[in-house]
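Since the model is a prediction, treat every value here as computed from it, not as a measurement. Letters A, B, ... are given to chains in the order of the sequence lines, protein chains preceding strands, and every chain is numbered from 1.
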Number of protein chains: 2
Amino acid sequence: MQVRTPVDFGLMIRQARRARGITQQELARAAAVGRQWIVEVEAGKPRAEVGRVLQTLAALDLSLTIHGEGIPELRESEDPAEDIDLDAVLEAHRRTPP
Amino acid sequence: MQVRTPVDFGLMIRQARRARGITQQELARAAAVGRQWIVEVEAGKPRAEVGRVLQTLAALDLSLTIHGEGIPELRESEDPAEDIDLDAVLEAHRRTPP
DNA sequence: CTGAAATGTAGTCGTTCGACTACTTTAGGA
DNA sequence: TCCTAAAGTAGTCGAACGACTACATTTCAG
């Protein structure tokens with residue numbers, strides 16, 4: 001989903017938190033922030049610190065993606081487990097045993 | 001590209017800014033922030049305010065996407081101009097004139 | 001190589017942050 | 001309905017923010 005404003009962050013954090021069935025208190029501990037801060041961020045606080053927001057998204061297993069002119073689709077080293085053809089690997093192994 | 005830390009934001013903002021050939025000063029005006037702030041954010045300042053970061057991304061025409069368990073792919077009203085088959089529309093119009 | 005533009009650094013100042021504690025209000029299961 | 005946990009509100013306090021001005025450093029076209 002698109003994130004355009006701090007309110008969007010708040011909605012998404014709340015939604016994800018509820019989907020996981022955890023309380024603000026628990027999320028606060030997991031993200032290493034105060035519970036009060038979670039309350040404010042879920043309400044869309046525009047001046048919250050990015051670092052903490054990212055920590056919180058990470059604690060919820062949410063991932064952020066950025067795109068636009070001049071932005072590479074992936075960083076090198078990103079998506080490290082991409083499209084491995086397991087059959088091919090096994091076949092190769094079979095042909096050159098230890 | 002994935003954004004995991006404030007440094008990632010900094011890198012992307014700088015890259016997009018350069019891709020557009022504008023200076024920190026110009027970006028600062030476009031995003032309604034101080035130039036000094038741009039300097040710090042491009043360096044990965046973790047305590048910058050989310051609101052301003054979003055303003056800056058918008059000023060650069062960058063878009064942020066969030067995904068994960070419990071997050072809808074799109075909000076209703078998002079992606080309003082999706083996949084219109086122009087031919088089909090014209091064909092329909094041809095069959096039922098004003 | 002030179003010099004102007006772009007970028008980075010330093011310090012001031014009023015404002016706001018976020019952790020914390022302590023209450024109040026809301027909500028939902030027994 | 002009641003009653004406990006969850007969620008929201010209030011106030012304090014040290015720390016950091018971000019705009020600003022002024023200066024230093026880097027970059028790169030000519």
Side-chain angles (χ1 to χ4, degrees), chain A residues 1 3-64 66 68-72 75, chain B residues 1 3-64 66 68-72 75:
Chain A
M1 201 195 113
V3 181
R4 301 178 200 281
T5 74
V7 171
D8 294 338
F9 271 121
L11 292 176
M12 293 307 97
I13 287 173
R14 166 159 292 190
Q15 227 172 312
R17 178 176 63 80
R18 294 212 165 130
R20 285 158 186 69
I22 65 179
T23 76
Q24 293 179 335
Q25 186 67 259
E26 295 170 312
L27 176 54
R29 295 206 81 237
V33 300
R35 183 178 69 89
Q36 156 74 354
W37 186 85
I38 299 286
V39 172
E40 293 174 334
V41 165
E42 287 191 351
K45 168 179 264 204
R47 311 196 45 174
E49 305 175 359
V50 275
R52 284 177 221 270
V53 172
L54 292 176
Q55 280 170 30
T56 305
L57 296 182
L60 287 168
D61 253 317
L62 297 180
S63 75
L64 258 195
I66 191 170
E69 268 279 319
I71 302 295
R75 188 174 10 206
Chain B
M1 198 193 113
V3 181
R4 299 178 200 281
T5 74
V7 171
D8 293 338
F9 271 121
L11 293 175
M12 293 308 95
I13 287 173
R14 166 160 293 188
Q15 228 173 306
R17 179 176 63 79
R18 292 215 165 125
R20 287 159 184 68
I22 64 177
T23 76
Q24 293 179 334
Q25 185 68 256
E26 295 170 310
L27 176 54
R29 295 207 83 238
V33 300
R35 183 178 69 87
Q36 157 75 357
W37 186 86
I38 298 287
V39 172
E40 293 174 333
V41 165
E42 287 191 352
K45 166 178 267 207
R47 312 197 43 177
E49 304 175 358
V50 276
R52 283 177 222 271
V53 172
L54 291 176
Q55 279 171 30
T56 306
L57 296 182
L60 285 167
D61 252 314
L62 297 179
S63 74
L64 258 195
I66 191 170
E69 268 278 318
I71 302 295
R75 184 170 15 201

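- Remark: Gln36(A) is not in phosphate contact with dC20(C), judged by side-chain N or O atoms under 4.0 Å from OP1 or OP2.
- With Glu40(B) contributing its side chain and Trp37(B) its backbone, the two residues share no donor-acceptor pair below 3.5 Å.
- Look at CD on Gln25(A): it is 10 Å from P on dC20(C), rounded to the nearest Å.
- Residues Trp37(A) and Val39(B) each lie close to DNA chain C; by heavy-atom proximity, the contact nearer the 5' end of the strand is made by Val39(B).
- Between Arg29(B) and the phosphate of dA19(D), there is no side-chain N or O to OP1/OP2 separation shorter than 4.0 Å.
- For the pair Arg14(B) and dG8(C), the criterion of a side-chain N or O lying under 4.0 Å from OP1 or OP2 is met.
- At a threshold of 4.5 Å between non-hydrogen side-chain atoms, the residues Val33(B) and Gln55(B) count as touching.
- For dA6(D), the OP1/OP2 oxygens have no side-chain nitrogen or oxygen of Arg17(A) closer than 4.0 Å.
- Computed from coordinates, the Gln55(B) CD to dA19(D) C1' distance equals 14 Å when rounded to whole Å.
- We find that CD of Glu40(B) is positioned 12 Å from C1' of dC20(D), with the value rounded to whole Å.
- Between the P atom of dG8(C) and the CG atom of Leu27(B) lies a distance of 12 Å, rounded to the nearest Å.
- For Lys45(B), the listed nucleotide lying nearest its side chain is dG18(D); candidates were dT9(D), dG18(D), dT9(C).
- Here the nucleotide nearest the side chain of Glu49(B), chosen from dT7(C), dA10(D), dG18(D), is dG18(D).
- With rounding to whole Å, Arg35(A) atom CZ is found 12 Å from dA19(C) atom C1'.
- Residues Gln24(A) and Arg14(A) form a side-chain contact, since some pair of their non-hydrogen atoms from C-beta on lies under 4.5 Å apart.
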Under the criterion side-chain contact (heavy atoms from CB on, under 4.5 Å), I'd like the reasoning laid out for Val50(A) against Glu49(B): C-alpha separation, chi angles, the key distance, then a yes or no. CA-CA 6 Å; Val50(A) 275; Glu49(B) 304 175 358; over 6 Å; no

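- Taking only distance into account, the side chain of Arg47(A) never meets the base of dG18(C) through a donor-acceptor pair shorter than 3.5 Å.
- In this structure, Gln24(B) reaches the dG8(C) phosphate: one of its side-chain N or O atoms is under 4.0 Å from OP1 or OP2.
- At whole-Å resolution of the value, CD1 in Ile38(A) and P in dG8(D) are 11 Å apart.
- Ala48(A) comes within 4.0 angstrom of sugar-phosphate atoms only, judged by non-hydrogen atoms across all strands, and of no base.
- Distance check, rounded to the nearest 0.5 Å: CD1 of Ile66(A) to CD1 of Ile71(A) gives 5.0 Å.
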